[in-house]
Amino acid sequence: MDWVRIAFHFNELSKTMKVKTRFAPSPTGFLHIGGVRTALFCWLFARHHGGQFVLRIEDTDRERSTQESIDAILEGMTWVGLDWDEGPYYQTERFDRYRALADQLLEQGDAYHCYCSPDELDAMRAEQVAAGQNPGYDGRCRQRTEPVAGVSPVIRFKTPAAGEVVIDDAVRGQVVYANSEIDDLVIMRGDGTPTYHFSVVVDDADMAITHVIRGDDHLNNTARQVHIIAALGFERPAYAHLPMILGEDGARLSKRHGAVNVLEYREQGFLPEAVLNYLVRLGWSHGDQEIFTREEMVRLFELDGVNASASRFSPEKLTWLNQQYILQTPDAELVEGLLEQYRRLDVDTADGPQLSAVIAAFHERAATLRELAASSVYVFHDFAEIEPKAAKKHLRGVVRQPMADIREALADLQPWAEEGIQSTIQAVADQHELGFGKLGQPLRVAVTGGGVSPPIDVTMALIGRDRCLARIDAALSVIDKRVAAAGR
RNA sequence: GCUCCCUUCGUCUAGCGGUUAGGACGCGGCCCUCUCAAGGCUGAAACACGAGUUCGAUUCUCGUAGGGAGCGCCA
């Protein structure tokens with residue numbers, strides 16, 4: 001069966017030659033989340049086989065390539081920790097090489113100059129579509145012998161007119177194209193720069209790429225590239241075309257789908273490990289396993305676990321995974337990222353408890369570092385006012401006396417620690433014949449300004465004695481005002 | 001329009017001829033509980049449709065439908 005043959009072919013390739021993959025983004029924007037998934041699979045495959053991973057910047061389109069984009073790509077790759085062994089290479093530094101090979105094709109008779117104008121080409125395509133044909137260049141300049149004055153010609157590759165191309169793809173199986181469906185594509189622009197189809201082929205060969213792993217939007221392109229490879233006498237790499245990642249609505253991922261720039265996830269308080277773990281499960285699986293360490297991913301990743309159908313991006317699941325990672329990551333490793341989030345919130349953490357203690361107390365109720373920071377601000381800064389709803393519900397006359405008793409006992413508590421705080425509250429509750437919760441919640445509101453926090457003893461231990469006493473005093477006066485108002 | 005690819009719960013997926021079709025996210029319920037979480041248990045929820053092949057199809061083949069991609073002097 002074809003499948004078996006293809007799988008065998010892949011295994012043999014991996015064994016006999018050193019595996020080398022590449023990620024080749026074009027610097028026309030930020031590093032896309034879909035691009036990261038592609039890079040991840042390339043990286044995993046290389047690492048799994050003890051091979052090399054190359055980063056190549058495809059910047060032949062000088063109109064749209066920017067240094068800013070290059071920086072964003074490098075920063076994004078670094079953030080998620082997909083390290084490369086070679087590169088980054090830049091295609092703009094290799095123009096001489098492309099020109100030389102284009103000349104070679106010209107001499108061989110596998111390419112020719114084309115003088116057609118854009119208008120002429122448009123008209124031709126319109127006609128073809130009207131006639132129900134697959135639009136494509138009809139090769140009208142193949143026979144031309146005389147240059148056209150004033151036109152700097154492009155170079156087109158001469159695609160075989162008859163026959164077919166067969167591509168063995170590691171995820172698609174065998175895909176066949178009739179050559180009649182493939183037109184003569186432009187390989188060199190009028191200005192002497194190469195086009196994508198030409199530069200990829202040359203670079204992949206020059207850089208000895210063994211496995212081309214890329215998005216399946218390139219599947220159709222592969223047929224044309226394979227012809228160029230043959231004409232140049234290069235060896236064909238193995239191919240694996242990955243399914244696309246769609247937005248939540250099933251449409252292609254784009255800016256309107258929120259965060260598509262990886263670096264935005266960093267800003268939102270996601271951990272790179274969580275992002276990678278989420279992405280690896282989009283189009284790849286290993287039985288029922290959901291959580292993979294980086295080492296596990298490298299050890300378990302294989303192309304035969306990659307499926308063929310497109311998947312949708314689910315922010316909910318990413319968020320869940322991120323929380324799992326926040327829960328599992330040693331507190332100390334979270335400190336740096338958390339500090340960055342406090343900085344964004346303008347929170348000064350100098351006057352407060354150790355951040356690792358804050359993390360330990362808050363991590364099970366925060367899905368992102370951003371949430372973790374935002375929900376713990378009161379540990380470092382006083383709040384402007386108590387949430388009205390929480391105050392109304394819990395700061396009542398009945399808790400005035402017990403709360404005052406607690407305040408008094410707490411003032412002398414030694415040491416200021418969870419156990420003592422807990423037993424103090426319990427003692428006062430017992431004394432007033434109240435359940436712990438009857439006092440815990442009002443205290444929480446007094447001390448945090450809201451109704452949600454870690455356990456009250458933990459929370460108060462973190463906030464510190466001085467702040468707690470002052471806030472309880474403030475709450476007591478809120479109660480007093482309220483009682484007075486009610487009594488009037 | 002033409003060519004190619006894809007199709008299991010709402011979503012991500014397991015399954016590789018015979019299963020009560022499994023797991024995860026999300027959603028509902030219960031437990032735990034000083035709040036909120038986390039955690040545990042639990043419930044609802046899927047093989048797009050139609051023909052074949054076969055003793056037997058979610059699984060293999062072919063159609064149909066739906067979705068995606070490509071068809072540039074973009075990558």
Side-chain angles (χ1 to χ4, degrees), chain A residues 3 24-28 58-61 63-65 114 116 118 121-122 125 128-137 152-156 167 169 171-172 175-178 180-183 185-191 193-197 199-200 215-224 241 243-244 246 248 250-252 278 281-291 307-314 316-321 323 327 362-367 375 390 394 422 425-426 429 435-445 448 450-457 459:
Chain A
W3 265 112
S26 67
T28 52
E58 310 224 320
D59 55 353
T60 57
D61 184 350
E63 298 280 296
R64 295 196 282 177
S65 298
C114 167
C116 295
L121 296 173
D122 286 346
R125 289 193 192 98
Q128 289 164 331
V129 171
Q133 295 168 320
N134 191 353
Y137 187 66
S152 58
V154 301
I155 299 175
R156 284 186 187 273
I167 295 159
D169 188 276
V171 351
R172 309 284 145 179
V175 184
V176 182
Y177 293 90
S180 58
E181 293 295 332
I182 309 170
D183 67 349
L185 69 161
V186 172
I187 56 174
M188 293 295 273
R189 300 184 180 94
D191 65 1
T193 61
T195 60
Y196 161 76
H197 289 291
S199 55
V200 245
D216 83 8
D217 46 343
H218 287 290
L219 183 57
N220 290 317
N221 292 334
T222 307
R224 18 181 38 127
H241 285 91
M244 304 259 83
L246 276 18
E248 273 182 284
R252 194 172 186 167
Y278 176 70
R281 287 285 292 101
L282 246 33
W284 177 82
S285 60
H286 179 73
D288 284 340
Q289 189 169 346
E290 293 288 349
I291 297 182
N307 71 22
S309 49
S311 47
R312 298 185 188 210
F313 190 88
S314 165
E316 288 81 17
K317 190 161 181 180
L318 203 213
T319 301
W320 170 78
L321 257 174
Q323 171 152 42
L327 241 21
F362 284 82
H363 65 177
E364 64 198 28
R365 61 213 97 219
S375 63
H394 296 289
Q422 173 76 14
I425 298 170
Q426 187 67 59
F436 190 97
K438 289 278 187 254
L439 291 183
Q441 197 56 9
L443 265 177
R444 172 172 286 113
V445 172
T448 71
V452 174
S453 88
I456 192 63
D457 53 337
T459 306

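Each chain gets a letter, A, B and so on, in the order the sequences are listed, and its residues count up from 1.
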Test for a donor-acceptor pair under 3.5 Å between the base of B/A69 and the side chain of A/N220, counting only N and O atoms.
yes
CZ/A/R172 to CG/A/D216 distance, rounded to the nearest 0.5 angstrom?
4.0 Å
For atom CG of A/D122 and atom C1' of B/C73, their distance in whole Å:
12 Å
Upstream residue (5' side of RNA chain B) when A/W320 and A/R444 are each assigned their closest nucleotide:
A/W320
Rounding to an integer number of angstrom, what distance separates B/G15 and B/G67 when you compare their P atoms?
28 Å
At their closest point, which heavy atom of A/P27 faces which heavy atom of A/D59, and how far apart are they?
CG-CB, 3.8 Å
State whether A/S453 places a side-chain N or O below 4.0 Å from either non-bridging phosphate oxygen (OP1 or OP2) of B/C36.
no
Between the base of B/G22 and the side chain of A/D288, is there a donor and acceptor pair under 3.5 angstrom?
yes
N/O (side chain, A/R252) to phosphate O (OP1/OP2, B/G70) under 4.0 Å:
yes
Which atom pair, heavy atoms only, marks the closest approach of A/G451 to A/V445?
CA-CG2, 4.4 Å
Whether A/S309 contacts B/G68 is assessed here as follows: a side-chain N or O lying under 4.0 Å from the phosphate OP1 or OP2. Is that the case?
no
What I want to check is whether the side chains of A/Y177 and A/N220 have a donor and an acceptor closer together than 3.5 Å.
yes
Could you let me know what B/A69 is paired to, Watson-Crick or G-U wobble, both distances under 3.5 Å, or none if it's on its own?
B/U3
B/U61 pairs with, by Watson-Crick or G-U criteria that keep both distances under 3.5 Å:
B/A51
Categorize A/S199 for me: base, sugar-phosphate, or nothing, with a 4.0 angstrom heavy-atom threshold over every strand shown.
nothing
Which nucleotide in the set B/A37, B/G70, B/U35 lies at the smallest distance from any side-chain heavy atom of A/Q323?
B/A37
Is there a side-chain contact between A/R365 and the phosphate of B/U35, meaning an N or O under 4.0 Å from OP1 or OP2?
no
Give me the distance, rounded to whole Å, that separates B/U3 from B/G63 when you measure between the P atoms they each carry.
12 Å
At under 4.0 Å, does any side-chain N or O of A/T195 touch on OP1 or OP2 of B/G72?
no
Which whole number of Å gives the distance between the P atom of B/C55 and that of B/G50?
22 Å
In terms of side-chain heavy atoms, does A/S453 have a donor or acceptor partner in A/T459 at a distance below 3.5 Å?
yes
Which part of the nucleic acid, if any, lies within reach of A/P118 when heavy atoms closer than 4.0 Å are counted: base, sugar-phosphate only, or nothing?
nothing
Rounding to an integer number of angstrom, what distance separates B/U64 and B/A45 when you compare their C1' atoms?
27 Å
Suppose you measure atom C1' in B/A14 against the same atom in B/U8; what distance do you get, rounded to whole Å?
10 Å
Measure from CD1 on A/I425 to P on B/U33 and round the result to the nearest Å.
18 Å
Of the nucleotides B/C4, B/G70, B/U13, which has the atom closest to the A/L219 side chain?
B/C4
Determine whether any donor atom in the side chain of A/Q133 lies under 3.5 Å from an acceptor atom in the base of B/G1, or the reverse, and answer yes or no.
no
Side-chain N,O (A/N221) to OP1/OP2 (B/A75) below 4.0 Å
no
Ignoring hydrogens and angles, does a donor from either the side chain of A/R172 or the base of B/C5 sit under 3.5 Å from an acceptor on the other?
no
Paired with B/G43: which nucleotide, if any, by Watson-Crick or G-U wobble criteria at under 3.5 Å for both distances?
B/C27
Could you walk me through whether A/D217 and A/R252 pass salt bridge (charged side-chain N to carboxylate O under 4.0 Å, His left out), step by step?
CA-CA 11 Å; A/D217 46 343; A/R252 194 172 186 167; 3.4 Å; yes
Using a cut-off of 4.0 Å on non-hydrogen atoms, how would the nucleic acid contact of A/Y177 be classed: base, sugar-phosphate, or nothing?
sugar-phosphate
In Watson-Crick or G-U wobble terms, with both distances under 3.5 Å, the base opposite B/U35 is none
Which value, in whole Å, describes the distance between the C1' atoms of nucleotides B/U7 and B/C47?
10 Å
Side chain of A/S311 only, please: which of B/U11, B/C12, B/A75 is the nearest?
B/C12
With both distances under 3.5 angstrom, what nucleotide forms a Watson-Crick or G-U wobble pair with B/U19?
none
Give me the distance, rounded to whole Å, that separates B/G22 from B/A46 when you measure between the C1' atoms they each carry.
12 Å
Given RNA chain B, 5'-ward residue of the pair A/L327 and A/E290, judged by closest heavy atom
A/E290
Approximate separation, where rounding is to 0.5 Å, of A/L121 CG and A/Y137 OH:
6.5 Å
Between B/U61 and B/A57 - C1' atom distance, rounded Å
12 Å
